[in-house]
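Counting from 1, the numbers follow the sequence of the chain as shown. Computed from a predicted model, the values in this text were never measured in an experiment.
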Amino acid sequence: MKVFEKKVLGDKLQNLRKSKKLSIRELAALADIEHSQISRIEKGLISPSAVTIQKIADALEVAPCDFFDC
């Protein structure tokens, strides 16, 4: 995943998280992943795996496709 694409994904994640009024720590707890991983994804520093995307989508009650232009 290119840097620009990682940042776009991170921005979408952050917008969805904030629309649900969740902190990074709250989302991380719901998704059962480290809060630092959520932070790095939102900043565009890492590319999450498909499993991680699914966990986050489930926690936010959205489809994984909501993070991408599907």
Roughly how far, to the nearest 0.5 Å, is [atom2] of [Y] from [atom1] of [X]?
X   : Y   : atom1 : atom2 : result
H35 : R40 : NE2   : CZ    : 9.5 Å
K43 : I38 : NZ    : CD1   : 12.5 Å
I24 : Q37 : CD1   : CD    : 12.0 Å
L9  : I46 : CG    : CD1   : 10.0 Å
I53 : L13 : CD1   : CG    : 9.5 Å

Under 3.5 Å, is there a donor-acceptor pair between the side chain of [X] and the main chain of [Y]?
X   : Y   : value
N15 : K12 : no
Q54 : V51 : no
K20 : L60 : yes
R17 : L22 : yes

Does some side-chain heavy atom of [Y] sit less than 4.5 Å from a side-chain heavy atom of [X]?
X   : Y   : answer
S47 : I41 : no
L45 : K6  : no
V8  : F68 : no
K55 : I33 : yes

- Query: For S36 and S39, what are the C-alpha separation, side-chain angles and deciding distance, and is it a side chain to side chain donor-acceptor pair (under 3.5 Å)?
  - Reply: CA-CA 5 Å; S36 60; S39 178; over 6 Å; no

- Nearest heavy-atom pair of A57 and A63: which atoms, and what distance?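 It is CB-C, 4.0 Å.
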
- Query: Looking at residues at least two apart in the chain, or sitting in another chain, which of them share a salt bridge (Lys or Arg N to Asp or Glu O under 4.0 Å) with D11?
  - Reply: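 Here the qualifying residues are K7.
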
